[in-house]
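Residue numbers start from 1 in every chain, and the chains themselves are labelled A, B, ... in the order their sequence lines are given, proteins ahead of strands. Remember, it's a predicted structure, so these values are computed and weren't measured experimentally. The basis for the numbers below is simple: all heavy atoms, side chains too, and nothing from hydrogens, waters or symmetry mates.
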2 protein chains.
Amino acid sequence: MTPFDNSSSPTPPDLADAKAQFIHLWGVSGTSWGVSKTLAQVHALLLVSPQALSTEDMMAQLTISRGNASMTVRELLDWGLIYKELRPGERREFFVAEKDMLQVTRCIIRARKRRELDQMKRTLDQLAELPGDPANAEYQAFHTVLSDIQQLAAVSDKLLTKLMQAERNWFWDKFLKLFL
Amino acid sequence: MTPFDNSSSPTPPDLADAKAQFIHLWGVSGTSWGVSKTLAQVHALLLVSPQALSTEDMMAQLTISRGNASMTVRELLDWGLIYKELRPGERREFFVAEKDMLQVTRCIIRARKRRELDQMKRTLDQLAELPGDPANAEYQAFHTVLSDIQQLAAVSDKLLTKLMQAERNWFWDKFLKLFL
DNA sequence: CACAGATTTCAATAATTATTGAAATCTGTG
DNA sequence: CACAGATTTCAATAATTATTGAAATCTGTG
């Protein structure tokens, strides 16, 4: 990978190896986080790449198809995890990863919240509006379950939102020291 | 569903309807949380069921196979989300859901942490041990990414652990008021 | 220890989700 | 506005994951 491309020093074999392992790890983890292996791997590849990469580079290094690379890149842009980098005189597009892990975390939280929580909250609110006889014990029990879940969803939402807004200092100081 | 089984009152049609909707919602949400639709639906069914249910009941109400019901129930027991209820003189097993939502949350956090975080941390630690030339800029960059991720994983771990241990009062007071 | 009534296992199949790759589209330049 | 060099779309296919259902196993009782 990327041989002789840098004035300072080539990538030593050990490092290339470690990177490959990291990409593999991120791919495996990705699937357990509910994203496709390719998405996670492209992200990992860009995270550990010193230069911006083109779609061609990704296709070559991960042996994925052009279509897959294109769709994956688009989705990562959408998540805010990578950026387009245009080079004067080059028609191709290059991509770099957001390297600040706090920022990366924010993006991931945002995307997962949208996917896992927001949709559920909407349906839940709708369900909670059901009419019913408050004197009926079974109705009461059902309604309790429903509003407990709603309450929980609300707390989760607030927590995640707060985490996303957290500043670096706040994050480490207030959060870690006082809270834990 | 469950007609004439209760001395106080039968389930009114509206309520049965709302429960069916809830089961459907939970099933849909489940898939976006990375668990099978059936697992989520059985859990939802038991959450809103006033009585303990047998495997037969689940099969009938969710139209799933015996094998599926059996495996799903076993997994829910494993998560700690449902309990076995034995009835004297009955050979069949009945199941009830944990109804305390704080407890439910703890179980879910524990299971997801195990699946999504713990495995990753192990691999990460292993990767971070790689040898390398500290004078090489590319190696340094890689190592920074790695240890940032490790740090993040450590914080996530602590946060989740703390949330699991949280008492009801702590949860609402300290957490919501002071923290948010 | 044989039986009935249950549960569990697991190979086969169905359903879902990810990926390919070729055709269509876009985009900047002469 | 035609062309070259790129990107995107999407139907077909592959890979993965969930589910079935029948056979095997378990379990309490006479």
Side-chain angles (χ1 to χ4, degrees), chain A residues 23-24 26-46 52-79 82-96 111-112 115-116, chain B residues 23-24 26-46 52-79 82-96 111-112 115-116:
Chain A
I23 290 166
H24 180 255
W26 212 238
V28 171
S29 298
T31 59
S32 81
W33 279 63
V35 304
S36 83
K37 193 184 59 162
T38 304
L39 187 91
Q41 286 190 332
V42 169
H43 184 221
L45 175 61
L46 287 173
L53 297 183
S54 69
T55 320
E56 294 285 343
D57 295 326
M58 300 171 198
M59 288 167 59
Q61 297 198 29
L62 303 174
T63 49
I64 57 174
S65 71
R66 186 174 302 285
N68 196 358
S70 168
M71 289 188 297
T72 299
V73 156
R74 192 154 47 79
E75 193 170 350
L76 283 170
L77 284 169
D78 191 57
W79 282 49
I82 66 173
Y83 306 108
K84 209 177 269 195
E85 187 181 285
L86 294 175
R87 294 190 182 171
E90 273 275 28
R91 194 170 301 195
R92 287 181 299 169
E93 298 173 320
F94 290 80
F95 302 92
V96 280
R112 294 191 73 172
R115 181 156 59 89
E116 300 181 3
Chain B
I23 290 166
H24 179 255
W26 211 237
V28 171
S29 298
T31 59
S32 80
W33 279 61
V35 302
S36 83
K37 193 183 58 162
T38 305
L39 187 91
Q41 287 190 331
V42 169
H43 183 221
L45 175 61
L46 286 173
L53 297 183
S54 69
T55 320
E56 294 284 346
D57 295 326
M58 300 172 199
M59 288 165 59
Q61 296 199 30
L62 303 175
T63 49
I64 56 173
S65 72
R66 185 175 304 285
N68 197 358
S70 168
M71 290 187 297
T72 299
V73 157
R74 191 155 47 80
E75 193 171 349
L76 283 169
L77 285 168
D78 192 57
W79 283 48
I82 67 174
Y83 306 108
K84 209 176 268 196
E85 187 181 286
L86 294 175
R87 295 190 182 170
E90 272 274 30
R91 193 171 302 194
R92 287 181 299 168
E93 298 174 319
F94 290 80
F95 302 91
V96 280
R112 295 192 71 174
R115 180 156 59 89
E116 301 182 3

For the pair made of CG in B/Leu53 and P in C/dT7, what is the distance, rounded to whole Å?
13 Å

A/Asn68 has its side chain closest, among D/dT20, C/dT7, C/dT19, to C/dT19

From the list B/Leu76, B/Val96, B/Leu46, side chain to side chain contact (heavy atoms under 4.5 Å, CB included) with B/Tyr83 holds only for B/Val96

Does a nitrogen or oxygen in the side chain of A/Thr31 sit under 4.0 Å from OP1 or OP2 of D/dT16?
no

Starting at atom CE of B/Met59, determine the distance to atom C1' of D/dT19, rounded to an integer number of angstrom.
13 Å

Do B/Phe95 and B/Lys84 pass the side-chain contact (heavy atoms from CB on, under 4.5 Å) test, and can you show the C-alpha distance, the side-chain angles, and the key distance before you say yes or no?
CA-CA 5 Å; B/Phe95 302 91; B/Lys84 209 176 268 196; 3.9 Å; yes

Whole-Å distance separating the CZ atom of B/Arg87 from the C1' atom of D/dG28:
18 Å

For A/Arg66 and D/dA6, is the shortest distance between a side-chain N/O and OP1 or OP2 below 4.0 Å?
no

When you measure from the side chain of B/Ser32 to the backbone N and O of B/Ser29, does any donor-acceptor pair fall under 3.5 Å?
yes

Side-chain contact check for B/Thr38: nearest option of C/dT7, D/dT19, D/dT9 is D/dT19

Would you kindly give the CD-to-P distance between B/Glu93 and C/dA6, to the nearest whole Å?
11 Å

Let's see if you can work this out: which of C/dT9, D/dT8, D/dG21 has an atom nearest to the side-chain heavy atoms of B/Arg74?
C/dT9

From the set C/dT7, C/dT19, D/dT9, return the single nucleotide nearest to any side-chain atom of A/Lys37.
C/dT19

Do A/Ile64 and A/Val42 have side chains that get closer than 4.5 Å, going by heavy atoms?
yes

Taking only the side-chain heavy atoms of B/Arg91 (C-beta and beyond), determine which of D/dT9, D/dT27, C/dG28 contains the nearest atom.
D/dT27

May I have the distance from A/Met58 (atom CE) to D/dA6 (atom P), rounded to whole angstrom?
15 Å

When rounded to whole Å, the CD1 to P distance for the pair A/Ile64 and D/dA15 reads 16 Å

Does any part of the side chain of B/Asn68, heavy atoms only, come nearer than 4.5 Å to the side chain of B/Leu62, both counted from C-beta?
no

Give me the atom names and distance for the closest heavy-atom approach of B/Gln41 to B/His24.
NE2-CA, 4.3 Å

Find which nucleotide of DNA chain D each of A/Arg92 and A/Gly67 is nearest to by heavy atoms, and output the residue with the more 5' nucleotide.
A/Arg92

Without decimals, in angstroms, what is the distance between B/Met71 CE and D/dT19 P?
8 Å

Side chain proximity check, A/Asp78 to A/Arg74, heavy atoms < 4.5 angstrom:
no

Quantify the bending of the helix from C/dC1-D/dG30 to C/dG30-D/dC1 as the angle between its end axes, each fitted on five pairs, to 10°.
20°

Distance check needed: C/dT8 P versus B/Phe95 CZ, whole Å only.
7 Å

Whether A/Ser36 contacts C/dT19 is assessed here as follows: a side-chain N or O lying under 4.0 Å from the phosphate OP1 or OP2. Is that the case?
yes

